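Keep in mind that this is a model prediction, so the values were computed, not measured. Excluded from the calculations below are hydrogen atoms, water molecules and symmetry mates; all remaining heavy atoms, backbone and side chain alike, are included. Per chain, numbering begins at 1; letters A, B, ... match sequence-line order.
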Number of protein chains: 2
Amino acid sequence: MSKILIDPQTLIYPMPAVLVGANVDDKPNFMAVAWCGIANGEPPMISVAIRHRRYTNRGIRQNMTFSVNVPSTDMARETDYCGIVSGSKANKAEVCRFRVFYGKLDNAPLIEQCPVNLGCKVVHVLDLGSHSLFVGRIEETHITESCLTDGKPDVNKIKPLIYTTEPARQYQAFGEVIAPAFSIGKELKAGE
Amino acid sequence: MSKILIDPQTLIYPMPAVLVGANVDDKPNFMAVAWCGIANGEPPMISVAIRHRRYTNRGIRQNMTFSVNVPSTDMARETDYCGIVSGSKANKAEVCRFRVFYGKLDNAPLIEQCPVNLGCKVVHVLDLGSHSLFVGRIEETHITESCLTDGKPDVNKIKPLIYTTEPARQYQAFGEVIAPAFSIGKELKAGE
């Protein structure tokens, strides 16, 4: 067999690049996160993994809320900056000129320039090895009006980023459509 | 402000498309999952959200192991099929002609045709609303040798899939490289 074993620390798995927001000591802060995923359907929940010592980790625990802001491809520079610098050393929202707003959750800061914004209330915290896994219930979803087509969100206008690690750490755009989901697989049903 | 509120049930967030494997009643079964994410760094852990009643959910609980297999763009049909059909009704591995192998974990089935295979041991189970969130420690990572470049995993050869829901449910490829990570953001440091 043509398989080889590699170090499990090498995470080769499709990962989103998002900006997780929290108020830390009552001030909005954002960090770049690639380690998150949907955790539940009804009600909708999302998980984010954040290193224990990170400034954002402190803010999430202070308010038990956080936000997930989906940046578009034209925000790669700001996204990356928010992953490099700690909020303990710089006012990242100011440096990136983020227009911060609040929704229903009055302490989960949202970024107006990001096309999609989720406001989340923490429902579970798992303290794993190096990271805390925060599971948040999505209480509100905001979208920039110009990213809708016929009233529906449109990924071609949202233009999210994927974070790739191998062979190089970089941000990638979404690419070509390969196939319709819940559809192309039906071809195999004939062979059952 | 040009933001509008939409139903939080609309999950507009970059999602991977992977095949989660488990032995159910000692037989290998696979389902398509878009709701997963890295949960911890050291040791590496991954989370998968699976509806309580799903056949795969039963298998994971039987062995407390599961696998995450990353399909490439040429496996969209098989991936989709594994999301449409229940393992209680069809032998999906057989229909898809998956060559199943086992690694260190002798009850976490892996798919040879998928370029990347993670074998995971369950360390936490959160029973959320509609789904169980399984957090697994990645015990082993296999990669197809032809997906390496100079001995390193290469995303351009792995060709993972993203699952998109809006405006249509479809699978997309990874697209163009937007910027180098841990690098482009440095430009903003000057403005701090």
Side-chain angles (χ1 to χ4, degrees), chain A residues 2-4 6 8-9 12 14 16 35-44 49 73 76-77 80-81 84 90 95 116 124 126 128-131 133 138 141-145 149 152-155 160 164 166-167 169-182 184-185 188 191-192, chain B residues 2-4 6 8-9 12 14 16 35-44 49 73 76-77 80-81 84 90 95 116 124 126 128-131 133 138 141-145 149 152-155 160 164 166-167 169-182 184-185 188 191-192:
Chain A
S2 59
K3 289 280 178 181
I4 63 161
I6 61 167
Q9 205 72 51
I12 25 178
W35 294 0
C36 51
I38 301 298
N40 194 56
E42 302 95 36
T73 48
R77 203 173 54 148
D80 196 49
Y81 172 78
I84 291 174
V95 172
V116 176
H124 285 283
L126 291 181
L128 303 173
S130 54
H131 288 62
L133 187 71
I138 305 172
T141 298
H142 303 259
I143 183 164
T144 301
E145 207 163 358
T149 297
K152 286 190 67 181
D154 188 338
V155 72
T164 308
E166 307 293 340
R169 298 189 297 181
Q170 54 198 22
Y171 303 103
Q172 284 186 253
F174 278 34
E176 54 172 334
V177 173
I178 299 298
F182 295 95
I184 181 121
L188 280 166
E192 275 178 6
Chain B
S2 58
K3 288 281 179 181
I4 64 161
I6 61 167
Q9 206 73 48
I12 24 179
W35 293 1
C36 50
I38 300 298
N40 193 56
E42 303 95 35
T73 48
R77 202 171 55 145
D80 197 48
Y81 172 79
I84 290 174
V95 172
V116 176
H124 285 284
L126 291 182
L128 304 174
S130 54
H131 287 63
L133 188 71
I138 305 172
T141 299
H142 302 259
I143 183 164
T144 301
E145 207 163 358
T149 297
K152 286 189 68 183
D154 187 338
V155 74
T164 308
E166 306 294 341
R169 299 189 296 181
Q170 54 198 21
Y171 302 103
Q172 284 186 253
F174 278 35
E176 53 171 336
V177 173
I178 300 297
F182 296 95
I184 180 121
L188 280 166
E192 276 178 8

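Heavy-atom pairs under 4.5 Å with chain A peak, among B/Gly37, B/Pro44, B/Ser130, at B/Ser130. For chain A, the option among B/Pro43, B/Ala76, B/Pro160, B/Ala39 with the highest count of heavy-atom pairs below 4.5 Å is B/Ala39. Annotation: maximal heavy-atom pairing with chain B below 4.5 Å, among A/Ile138, A/Leu133, A/Thr144, occurs at A/Thr144.
Under the 4.5 Å side-chain criterion, counting only non-hydrogen atoms from C-beta, B/Val155 is in contact with A/Gln172. Residues A/Glu176 and B/Thr73 form no side-chain contact, since every pair of their non-hydrogen atoms from C-beta on lies 4.5 Å or further apart.
Atom CD1 in B/Ile6 sits 5.0 Å away from atom CD1 in A/Ile143 (nearest 0.5 Å). Here the CD atom belonging to B/Gln9 is positioned 5.0 Å from the CD atom belonging to A/Glu42, to the nearest 0.5 angstrom.
Between the side chain of A/Asn40 and the main chain of B/His131, a donor-acceptor pair closer than 3.5 Å is present.
Residues B/Ala49 and A/Ile38 share a closest heavy-atom pair of CB-O, 3.8 Å. Residues B/Phe174 and A/Pro14 share a closest heavy-atom pair of CZ-CB, 3.7 Å. Here the closest heavy-atom approach between residue B/Arg77 and residue A/Leu188 is recorded as O-CD1, 3.8 Å. Heavy atoms only, all atoms of each residue included: B/Tyr171 and A/Phe182 are closest at OH-N, 4.5 Å.
Neither the backbone nor the side chain of A/Thr149 comes within contact range of chain B; no heavy atom of the residue lies under 4.5 Å from a heavy atom of that chain. Using a 4.5 Å cut-off between heavy atoms, A/Ile4 contacts chain B through both its backbone and its side chain. In this structure, the portion of A/Ala90 lying under 4.5 Å from any heavy atom of chain B is its side chain and not its backbone.
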